[in-house]
2 protein chains.
Amino acid sequence: MNQPLRMTKQRAAVAEVLDASDEFRSAQQLHELLRDRGDTVGLATVYRTLQALADGGDVDVLRTDDGEALYRRCARAEHHHHLVCRSCGRAVEIDGPTVEAWAAEVGASQGFSDIEHTIELWGTCAQCRANVTKSS
Amino acid sequence: MNQPLRMTKQRAAVAEVLDASDEFRSAQQLHELLRDRGDTVGLATVYRTLQALADGGDVDVLRTDDGEALYRRCARAEHHHHLVCRSCGRAVEIDGPTVEAWAAEVGASQGFSDIEHTIELWGTCAQCRANVTKSS
DNA sequence: ACAGCTTTGACTTTCATTCTCAACAAGGTC
DNA sequence: GACCTTGTTGAGAATGAAAGTCAAAGCTGT
């Protein structure tokens, strides 16, 4: 079906940087992190790799308010959602069986099919809250 | 505090086009609709107006999978979510008291504050499903 | 080592959205 | 109505994320 991806230095590097962070990161941020580490990976390659990983379900993608894509390697492959810190990007995986059921039901009751849902929670994590308080 | 917006032709035109549609539309689509109607409104003005309306809570904004912003005038000002047809953009307003409670609770239990949530449902509406079936 | 692939990266291109700034229009005032 | 002040417009340029191009470089099985 889909031939296995070759494991190249740059793909490994992207995966490593991704693994090293709990936080959701943009493609550009990851590119910079790689550069800082000394790995020179083309921006296009970062985008391609991220997309491949996303297609394979190996990273989770979400969008900021202004439409930028953020990526994060997730512990579990099963369907789940996130509670993301809007200031540092740190994320907690959550699931909501109740919500899943609710979504499917609402969809069906309106005559819609192939229901999908986007559910993300945003907040300020304890640590970031402390920092803001301190500096004011 | 915030001086009232002047009601100009172009702002009125954008509002009208918005009112005339049940569907979520991109800024570009709205701009084209205006052009078709004969109103020549600059694209920048469409964006500015849309943003002003969104800031004032008079239109709802959501993002497609690829990050494009979609706008729709909504019947009610109170917090609610949408079930959107991924093919025609038609939308149904929904609310989920259960979900609201769940979101707040999950957020708090993880030590996050200022919890906000993004919840949108996507599906294919009955009409679009019929069209697809017909043409195959 | 060799052939036949895939992948890379520097660069270009696309596309939505925002900015710039001079010309213009709303609304209040006399 | 004429006028003035200030917010608003629009054409085009600028930005910025993401995707495409293609020759050069890298894997992998033989």
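In what follows, chains are A, B, ... by sequence order, proteins preceding strands, each numbered from 1.
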Evaluate the side-chain proximity of [Y] to [X]: yes if any heavy-atom separation is below 4.5 Å, no if none is.
X: A:Leu50; Y: A:Leu30; answer: yes
X: B:Ile94; Y: A:Trp102; answer: yes
X: A:His82; Y: A:Val92; answer: no

Could you tell me whether [X] contacts a base, only the sugar-phosphate backbone, or nothing, with contacts defined as non-hydrogen atoms closer than 4.0 Å?
X: B:Leu43; result: base
X: A:Thr40; result: sugar-phosphate
X: A:Gln51; result: sugar-phosphate

Specify the separation, in whole Å, of atom [atom1] of [X] and atom [atom2] of [N].
X: A:Gln28; N: D:dT15; atom1: CD; atom2: P; answer: 15 Å
X: B:His31; N: D:dT9; atom1: NE2; atom2: P; answer: 13 Å
X: B:Asp66; N: C:dT17; atom1: CG; atom2: C1'; answer: 14 Å
X: A:Leu50; N: D:dA18; atom1: CG; atom2: P; answer: 9 Å
X: A:Asp55; N: D:dA18; atom1: CG; atom2: C1'; answer: 14 Å
X: B:Arg11; N: C:dC24; atom1: CZ; atom2: P; answer: 19 Å
X: B:Asp39; N: D:dT9; atom1: CG; atom2: P; answer: 13 Å
X: A:Asp65; N: C:dT18; atom1: CG; atom2: P; answer: 12 Å

Phosphate contact ([N] OP1 or OP2) by [X] side-chain N/O below 4.0 Å:
X: A:Gln10; N: C:dT7; value: no
X: B:Tyr47; N: C:dT18; value: no
X: A:Thr8; N: D:dG26; value: no
X: B:Lys9; N: C:dA26; value: yes

Name the residue closer to the 5' end of DNA chain D, choosing between A:Arg48 and B:Ala44 according to the nucleotide with the nearest heavy atom.
B:Ala44

Proximal nucleotide (of C:dT7, C:dA26, C:dA16) relative to the A:Arg6 side chain
C:dT7

Less than 4.0 Å between a side-chain N and a carboxylate O, is that true for A:Glu93 and A:Arg72?
yes

For B:Leu70 and for A:Thr45, locate the closest nucleotide of DNA chain C by heavy-atom distance; then report the residue assigned to the nucleotide nearer the 5' terminus.
A:Thr45

Given DNA chain C, 5'-ward residue of the pair B:Ala27 and B:Met7, judged by closest heavy atom:
B:Ala27

Establish, yes or no, whether a centroid distance under 6.0 Å links the rings of B:His117 and B:His79.
yes

